[in-house]
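Everything on this sheet refers to the single structure shown next.
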Amino acid sequence: MPVDANEIILRGISGSPGICIGKAYLVDREGVDVIEKYKINPESVRKETDRFKTAVTKARNELEDTIKNVPEELRHHAAILETHLLLHKDKMFYGKAIDLIKTEHINAEWALKETTAQAKAMFNDIPDPYLKSRAADIEHVSERIMRNLVGRKAVNIAGIDKRVILVAHNLSPAQTSQIQLEKVMGFITDRGGRASHTAIIARTLEIPAVLGLDNATSIIKNDAIIIVDGAAGIVIINPEEETLIRYDELAKKYALRKADILRTSAQPAKSADGQAFSIMGNIELPEEVVAVKDHGGDGIGLYRTEFLYMNRDTFPDEQELFLQYKEVAELMYPQPVTIRTLDVNGDKAILGMETPDEVNPALGLRAIRFCLQKPGIFKTQLRAILRAAAFGNVRLLLPMISGCEEIRETIQLIDQVANSLRKDQLPHNRDIKIGIMIEVPSAAVIADQLADLVDFFSIGTNDLVQYTLAIDRGNRQVAYLYNTLHPAVIRMIKFVVDAGKKKHIKTFMCGEMASEVISLPILMGIGIDALSMAPQSIPSIKNMIRKISVSESRLFLKEVLKQTSAACTMRLIEDTYGKMLKNGV
Ligand code: PEP
Ligand code: MG
């Protein structure tokens with residue numbers, strides 16, 4: 001610990017529980033390890049300037065494409081992008097970086113970093129507030145070039161070779177999924193909210209994470225000692241001796257309590273009045289099956305398949321997908337494996353693929369919309385799923401359904417795929433159960449119509465809350481409004497479950513709400529059929545189910561439905577179930 005250090009406490013948003021203490025490892029704003037300066041041979045100068053020029057050209061092309069695609073109603077905003085375009089050609093910027101490479105024989109990344117810093121300083125010195133604020137444009141342009149310059153290094157989280165805590169401005173789900181558990185103890189970010197995919201992955205990996213810290217990357221220095229308290233959403237920089245001792249104790253207690261609950265995880269989840277619930281695990285990669293089994297999961301309720309498409313340049317082919325799905329299906333058999341088809345875009349862009357430049361990606365070409373527009377990619381995945389279904393208890397789940405048409409179109413594709421598999425004489429199973437995610441309000445509202453077309457529903461509260469309350473799930477500015485206990489959310493869930501029951505289909509929940517012990521009495525009262533969550537949450541949810549009676553939870557729900565705010569509902573939960581909840585991890 002540095003001797004001159006003063007303890008600093010930062011407060012953010014809880015991303016994933018747990019406590020870790022260790023050295024900070026800064027991931028630069030551009031998403032790469034802190035940019036390093038190195039000398040190049042005089043004979044490599046030409047190559048280095050070419051590398052820089054190529055990165056600038058790529059950045060310029062990207063920007064030109066963006067400008068071309070700006071919708072008519074936003075044309076006036078395109079002016080700012082035109083300014084960026086000019087900056088790419090600016091002598092002070094472009095020319096200077098090339099000069100630096102030539103005269104100082106330094107790498108292109110460092111030359112860009114230097115030039116950016118100088119240009120920003122120049123703008124900052126200008127008294128005119130408008131011109132001053134143009135420093136931000138320089139930064140945007142520089143970031144775009146830097147991303148092109150470092151290429152795939154941008155996601156080289158996997159290359160970290162010491163035991164550290166990551167400190168990043170933002171981590172994409174693709175980067176987070178590269179974390180090596182034996183190296184990264186936890187992570188903290190300036191951006192992000194609890195329901196972001198980055199937080200979800202942290203919970204699956206069972207590493208502590210605090211998000212939405214705002215300025216952690218500018219306060220924390222590389223190698224500084226930090227404590228991350230994931231549940232409390234607190235980060236302590238340069239902790240004093242006493243603080244270190246206290247947190248060491250807390251970490252031990254947390255581990256003991258977790259181990260205690262884990263011991264009972266194999267027992268069935270039967271309510272106090274004898275109703276059995278199926279409690280399953282969410283996975284992103286086949287390796288996580290072990291965690292679901294170890295934590296007592298009754299199957300896989302959500303297999304987020306998009307992660308197999310990330311961090312690579314080419315799409316996986318049918319055989320690769322088939323082998324992965326088959327492995328999961330066989331490992332879990334006879335328990336079910338619910339394979340969700342590709343849910344890309346939104347906050348999960350795929351590297352190596354042209355991503356649509358969208359003003360609002362969460363409302364854009366995401367999930368089923370993307371798949372139906374790219375039938376080639378979709379059919380490859382559907383073929384792999386139907387083939388794997390011949391080797392286990394596989395169900396198919398469609399993300400982001402907003403109307404009946406999307407289901408009908410998909411079923412047509414499934415039929416086509418089954419026909420072609422028959423012709424190819426490949427073993428497959430067309431009688432697979434087909435379900436849909438209910439995560440868009442329109443789907444919830446017409447749940448009775450959708451129920452006629454599918455075998456089951458799975459409520460995705462992460463998106464359902466985002467779209468119902470109009471709150472970006474990854475935006476820390478509005479994270480305080482993101483609440484699964486909002487009366488509109490509870491009513492919507494009840495509406496869907498009731499519609500399912502009328503049509504005799506089951507409703508599961510696989511959004512993060514399923515893992516919140518505080519919500520459990522409400523979900524049991526509503527009559528949810530099964531819950532699926534990050535494997536680490538399974539034992540505490542099972543434990544809590546055993547303590548709650550369904551008949552009491554139904555009466556409790558009547559009171560909940562009278563509440564007019566999330567805060568009132570929270571108080572009611574605390575008054576009724578407070579003691580029980582205190583013992584949950
Ligand atoms: C959800 O939206 O609740 C969900 C489970 O899907 P994802 O988090 O992958 O968007
Ligand atoms: Mg979703």
Side-chain angles (χ1 to χ4, degrees), residues 1 7 9 11-23 163-166 179-188 194 199-211 225-236 239-270 272 279-282 287-288 290-298 512 514-520 531 533-548 573-574 577-585:
M1 187 176 67
E7 186 172 287
I9 299 179
R11 283 170 210 285
I13 298 163
S14 162
S16 170
I19 291 167
C20 62
I21 304 172
K23 279 191 178 172
R163 214 154 147 68
V164 290
I165 299 172
L166 293 187
I179 283 176
Q180 309 287 311
L181 285 178
E182 62 285 7
K183 297 293 179 220
V184 176
M185 292 184 258
F187 68 82
I188 62 175
R194 196 180 144 69
I200 291 171
I201 299 167
R203 291 195 282 277
T204 304
L205 294 173
E206 295 192 52
I207 53 173
V210 176
L211 314 179
I225 300 288
I226 56 174
I227 298 175
V228 179
D229 181 345
I234 286 176
V235 174
I236 304 172
E240 283 161 11
E241 196 67 32
E242 277 167 34
T243 317
L244 274 172
I245 295 170
R246 188 157 47 88
Y247 270 92
D248 209 38
E249 281 296 306
L250 278 175
K252 279 184 195 135
K253 270 195 197 146
Y254 177 82
L256 279 178
R257 219 168 56 214
K258 219 170 124 179
D260 233 21
I261 291 190
L262 199 59
R263 263 192 284 281
T264 62
S265 64
Q267 293 169 17
K270 242 188 201 165
I279 306 300
M280 297 179 284
N282 294 351
E287 300 86 277
E288 291 157 14
V290 181
V292 176
K293 284 179 159 268
D294 286 353
H295 289 83
D298 302 317
E512 293 301 292
S515 65
E516 290 165 4
V517 279
I518 49 159
S519 307
L520 194 55
L531 299 169
M533 61 205 68
Q536 67 168 80
S537 303
I538 294 173
S540 46
I541 287 289
K542 279 182 137 184
N543 189 39
M544 193 61 67
I545 286 178
R546 291 182 204 113
K547 296 180 184 169
I548 298 173
I573 296 171
E574 273 164 3
Y577 292 97
K579 258 200 203 133
M580 268 183 213
L581 293 171
K582 279 211 177 79
N583 299 325
V585 166

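Nothing here was measured: the structure is a model prediction, and the numbers come from that model. Residues: numbered from 1 along the sequence shown.
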What are the two closest non-hydrogen atoms of Ala514 and Met533, and how far apart are they? O-CE, 3.4 Å
Which heavy-atom pair separates Ala202 from Ala209 by the least distance, and what is that distance? CB-CB, 3.8 Å
CZ (Arg246) and CD1 (Ile19) are apart, to the nearest 0.5 Å, by 10.0 Å
Is Arg203 reaching over with its side chain to a backbone N or O of Gly15, donor-acceptor style, under 3.5 angstrom? yes
Steps toward side-chain contact (heavy atoms from CB on, under 4.5 Å) verdict (Ile245, Glu242): CA-CA 5 Å; Ile245 295 170; Glu242 277 167 34; 5.8 Å; no
Looking only at atom types and distance, does a side-chain atom of Ser14 sit under 3.5 Å from a main-chain N or O of Gly230, one as donor and one as acceptor? yes
Where do Pro539 and Leu262 come nearest, in terms of heavy atoms and distance? CG-CD1, 3.7 Å
Walk me through whether Val517 and Ile541 qualify under side-chain contact (heavy atoms from CB on, under 4.5 Å). CA-CA 6 Å; Val517 279; Ile541 287 289; 3.9 Å; yes
Of all the heavy-atom pairs spanning Asp260 and Arg263, show the shortest one and how long it is. OD1-NH2, 2.6 Å
For the NZ atom on Lys23, are there more than 12 heavy atoms of other groups (residues, nucleotides or ligands in this structure) within a distance under 6.0 Å? no
Of all the heavy-atom pairs spanning Ser515 and Glu512, show the shortest one and how long it is. OG-O, 2.8 Å
Search all heavy atoms of Lys258 against all heavy atoms of Glu206 and return the closest pair with its distance. NZ-OE1, 2.6 Å
Would a distance-only check, ignoring hydrogens and angles, find a side-chain to backbone donor-acceptor pair under 3.5 Å from Arg163 to Glu182? yes
Does some side-chain heavy atom of Leu520 sit less than 4.5 Å from a side-chain heavy atom of Leu531? yes
Ile227: which of Ile9, Thr243, Ile165, Leu250 passes side-chain contact (heavy atoms from CB on, under 4.5 Å): Thr243
Can you spot which of Ile226, Asp248, Ile236, Val228 makes a side-chain contact (heavy atoms from CB on, under 4.5 Å) with Ile21? Asp248
From CG (Asn282) to CD1 (Ile201), nearest 0.5 Å: 12.0 Å
Is the shortest heavy-atom distance from the side chain of Asp298 to the side chain of Lys542 under 4.5 Å? yes
Donor on one side chain, acceptor on other, Thr204 and Glu288, under 3.5 Å: no
side-chain contact (heavy atoms from CB on, under 4.5 Å) between Lys183 and Val164, worked out: CA-CA 6 Å; Lys183 297 293 179 220; Val164 290; 5.8 Å; no
Less than 4.5 Å apart, side chain to side chain, heavy atoms only: is that true for Lys252 and Leu256? no
To the closest 0.5 Å, what do you measure between CG (Leu205) and CD1 (Ile200)? 12.0 Å
Evaluate the criterion side-chain contact (heavy atoms from CB on, under 4.5 Å) for residue pair Leu166 and Ile179; output intermediate values, then yes/no. CA-CA 10 Å; Leu166 293 187; Ile179 283 176; 4.2 Å; yes
Are Val210 and Asp229 packed together at the side-chain level, in the sense that at least one heavy-atom pair is separated by less than 4.5 angstrom? no
Do Ile207 and Met185 have side-chain heavy atoms sitting under 4.5 Å apart? no
To the nearest 0.5 Å, what is the distance between CE (Met544) and CD1 (Ile518)? 10.5 Å
Point-to-point distance, once rounded to the nearest 0.5 Å, from SG of Cys20 to CD1 of Ile188: 9.0 Å
